[in-house]
*Asks:* 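One structure coming up, written as structure tokens, with questions to follow.
Every value quoted in this text rests on a predicted model; they were computed, and no experiment measured them.
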Amino acid sequence: MIKVYASHDRFFVESLRANLRDAGIEHLIKDESSSSLGEVPPIVSQQHVWVINAADVEDAKSLVAELESRVNHSREEPWVCQSCSEQLEPQFTACWKCGGERDA
């Protein structure tokens, strides 16, 4: 077993678990309940994602990087459509209201 990720973010770990499962990568999540223990040091409350087979480690790390990229993208600033002035979330590339494309 090889540890590929550790985080306090239960939502991220659950998303990673789903992606690993969908990719057919055998894995184990350790310390799943530790984030709800109360007053414990942060290092102790992290969840740890382990990959069972060494051959799957690079694929698992790629999934981690892809998820982190999506999370970082969602933290970008909203944008305003040039056609209708509608404010849109950063993950959208076209305006829902008028269909205008996001500037590059």
Side-chain angles (χ1 to χ4, degrees):
M1 278 193 327
I2 299 164
K3 183 168 65 171
V4 294
Y5 193 73
S7 178
H8 301 288
D9 185 346
R10 287 183 73 87
F11 181 75
F12 188 92
V13 172
E14 285 303 314
S15 296
L16 180 56
R17 177 197 309 256
N19 280 280
L20 292 169
R21 182 186 61 238
D22 292 347
I25 297 174
E26 285 187 85
H27 59 282
L28 176 68
I29 311 293
K30 290 188 173 186
D31 304 318
E32 287 184 81
S33 61
S34 63
S35 64
S36 60
L37 291 176
E39 295 183 24
V40 294
I43 191 71
V44 176
S45 66
Q46 287 187 327
Q47 296 177 53
H48 305 271
V49 181
W50 296 75
V51 170
I52 306 298
N53 300 314
D56 292 328
V57 169
E58 290 307 313
D59 289 337
K61 286 182 178 181
S62 292
L63 288 173
V64 169
E66 181 183 326
L67 277 174
E68 286 179 329
S69 174
R70 281 192 236 153
V71 168
N72 290 336
H73 180 70
S74 68
R75 291 185 180 144
E76 292 176 7
E77 294 295 317
W79 61 280
V80 176
C81 177
Q82 296 298 319
S83 300
C84 70
S85 300
E86 183 68 23
Q87 184 170 330
L88 300 139
E89 295 298 317
Q91 66 269 25
F92 300 113
T93 58
C95 178
W96 67 269
K97 188 173 181 181
C98 73
E101 293 290 321
R102 181 179 186 175
D103 290 339

*Asks:* Can you hop from L16 to V57 via hydrophobic side chains spaced under 4.5 Å?
*Replies:*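 Looking at the clustering, V57 is in the same group as L16.
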
*Asks:* If you count every heavy atom of other residues, nucleotides or ligands that lies below 6.0 Å from E26 atom CD, does the total exceed 12?
*Replies:*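 Atom CD in E26 is not packed in, count stays at 12 or less.
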
*Asks:* Without swapping roles, check the side chain of W79 against the backbone of F92 for a donor-acceptor pair under 3.5 Å.
*Replies:* yes

*Asks:* I'd like to know if the side chain of S69 reaches the main chain of A65, judged simply by a donor and an acceptor atom lying under 3.5 Å from each other, with no hydrogens or angles considered.
*Replies:*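 Absent.
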
*Asks:* In this structure, would V64 and V49 fall into the same cluster of hydrophobic residues linked by side-chain contacts under 4.5 Å?
*Replies:*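 Yes; tracing contacts between hydrophobic side chains, which count when under 4.5 Å, links both residues.
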
*Asks:* For the residue pair W50 and K30, what are the closest heavy atoms and their distance?
*Replies:*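 Here W50 and K30 meet closest at NE1-CD, 3.4 Å.
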
*Asks:* Tell me whether R102 contacts the main-chain N or O of P90 through its side chain, where contact means a donor paired with an acceptor under 3.5 Å.
*Replies:* yes

*Asks:* Rounded at 0.5 Å granularity, tell me how far NE2 in H48 sits from CG in L28.
*Replies:*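 It is 11.0 Å, given to the nearest 0.5 Å.
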
*Asks:* Can you tell me how far apart CZ (R10) and CZ (R17) are? Round to the nearest 0.5 Å.
*Replies:* 8.5 Å

*Asks:* Can you spot which of I52, L63, N19 makes a side-chain contact (heavy atoms from CB on, under 4.5 Å) with I25?
*Replies:* L63

*Asks:* Taking C-beta and beyond as the side chain, do C84 and C95 meet within less than 4.5 Å on heavy atoms?
*Replies:*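 Yes; the side chains approach each other to less than 4.5 Å.
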
*Asks:* Using the rule that Ile, Leu, Val, Met, Phe, Trp and Tyr join whenever any side-chain heavy atoms are under 4.5 Å apart, tell me whether Y5 and L67 fall into a single cluster.
*Replies:* yes

